[in-house]
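Data first, discussion second: the structure below is written as structure tokens.
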Amino acid sequence: MVQFLIFACSDSRVSPTNILNLRPGESFMARNIANLVPEFNKLKHAGVGAIIEYAILALKVEVIVVIGHSRCGGITRLISLPDDETSYDFIDDWVSIGEPAKAKVIAEHPGASGEELQTLVEKSVRNSLRNLLSYPYVESGIANNTLKLLGRYYDFVRGEFQKLDDDDDIKPTTNIQESD
Ligand SMILES: *[C@@H]1O[C@H](CO)[C@@H](O)[C@H](O)[C@H]1NC(C)=O
Ligand SMILES: [Zn+2]
């Protein structure tokens, strides 16, 4: 049974199959630059939407995990925007999915640099988990108690795989109720 849908960076140093010791068939993979999940939008990023829809409705995955990682080039690019003059056809639009996370880091640490990079990776994972809630299948899976969302951080230099600091399992249903 396919139990997990995993969002991980395209960076090959992050290998969810190895990190989590997954056997073939246990997980469905969504890999992209900086392991981002965009908000539900039928006109954009259809590849991501199709993966989420299929994983939940057809495969009936029970857990969606978003894995952020150390030294992520996509996150570095997000940090450099909009000052960097190089322009790309796709990359900047893609990494800007993490803008709300970046805005939070800048608000909390004005003049942030190196050290706060990890903070942004984690905030960006949280932002992606929040974005997941905008997909109706995710919302209904959580309401039915058949789906759970988790955020993780992988430091491939130290070989550490961690929960995000201030919570264990993200409980989006609770968060939604609190913010209502
Ligand atoms: C949640 O339960 C409802 C009612 O049984 C069902 O129609 C819906 O497909 C379920 N959602 C998911 C994501 O399984
Ligand atoms: Zn990366």
Side-chain angles (χ1 to χ4, degrees), residues 1-20 27-38 40 42 45 47-81 84 88 90-99 101-102 105 114 116-162 164 170-173 176-177:
M1 202 183 69
V2 187
Q3 201 182 347
F4 304 99
L5 165 59
I6 300 179
F7 279 88
C9 188
S10 300
D11 189 324
S12 66
R13 294 171 296 185
V14 183
S15 169
T17 325
N18 291 338
I19 300 169
L20 296 169
S27 64
F28 200 56
M29 291 291 170
R31 302 193 64 165
N32 63 53
I33 290 184
N35 45 267
L36 296 163
V37 183
F40 180 90
K42 279 186 171 178
H45 312 307
V48 179
I51 288 176
I52 295 169
E53 186 175 28
Y54 184 73
I56 297 174
L57 297 185
L59 300 174
K60 309 205 182 298
V61 300
E62 292 165 7
V63 185
I64 302 179
V65 193
V66 179
I67 304 175
H69 75 100
S70 56
R71 303 189 190 184
C72 182
I75 293 294
T76 306
R77 179 68 195 166
L78 171 60
I79 288 170
S80 77
L81 293 175
D84 194 310
Y88 293 104
F90 299 106
I91 301 167
D92 295 350
D93 183 46
W94 177 255
V95 298
S96 69
I97 291 167
E99 277 294 348
K102 182 180 171 182
V105 173
E116 278 79 37
L117 203 83
Q118 173 174 340
T119 321
L120 178 52
V121 171
E122 295 191 6
K123 284 234 176 8
S124 175
V125 168
R126 287 177 202 288
N127 183 55
S128 287
L129 293 169
R130 248 190 314 278
N131 286 346
L132 275 168
L133 298 175
S134 65
Y135 293 78
Y137 350 98
V138 174
E139 203 192 8
S140 105
I142 287 168
N144 291 359
N145 224 357
T146 52
L147 183 70
K148 210 162 112 168
L149 308 184
L150 301 177
R152 291 292 182 268
Y153 176 79
Y154 179 58
D155 183 328
F156 59 76
V157 177
R158 297 192 184 130
E160 290 169 357
F161 186 65
Q162 307 159 351
L164 301 190
I170 307 259
K171 297 184 186 70
T173 342
I176 288 170
Q177 283 164 355

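Starting from 1, each residue takes its place in the sequence as its number. Indexing begins at 1, ligand by ligand and atom by atom, following the structure's order.
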In this structure, atom 3 (C) of ligand 1 is nearest to the protein heavy atom N144 ND2, 3.5 Å

Atom 11 (N) of ligand 1 [closest protein heavy-atom partner, distance rounded to 0.1 Å]: S140 OG, 2.7 Å

Please step through side chain to side chain contact (heavy atoms under 4.5 Å, CB included) for the pair F7 and N32, ending with a clear verdict. CA-CA 8 Å; F7 279 88; N32 63 53; 4.1 Å; yes

For the atoms SG of C9 and SG of C72, give the angle they form at the Zn ion (ligand 2), rounded to 10 degrees. 130°

CH2/W94 to CZ/R77 distance, rounded to the nearest 0.5 angstrom?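 Answer rounded to 0.5 Å: 16.0 Å.
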
Taking atom CG of L133 and atom CD of E139, what is their separation to the nearest 0.5 Å?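 Answer rounded to 0.5 Å: 7.5 Å.
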
Counting each atom of ligand 1 from 1 as listed, which ones have a heavy atom of G141 under 4.0 Å away?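 This gives 13 (C) as the contact atoms.
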
Near Y137, which atoms of ligand 1 are under 4.0 Å from a heavy atom of that residue? 13 (C)

Contact partition for I56 relative to ligand 1, non-hydrogen atoms under 4.0 Å: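 Looking at I56 and ligand 1, just side chain atoms fall under 4.0 Å.
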
If you compare all heavy atoms of D11 against all heavy atoms of R31, which two are closest, and at what distance to 0.1 Å?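 Nearest pair, atom of D11 first, then R31: O-NH2, 3.0 Å.
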
For a side chain to side chain contact (heavy atoms under 4.5 Å, CB included) with L78, tell me which candidate from L120, I91, V121 qualifies.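 That would be L120; it is the only one of L120, I91, V121 passing the side chain to side chain contact (heavy atoms under 4.5 Å, CB included) with L78.
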
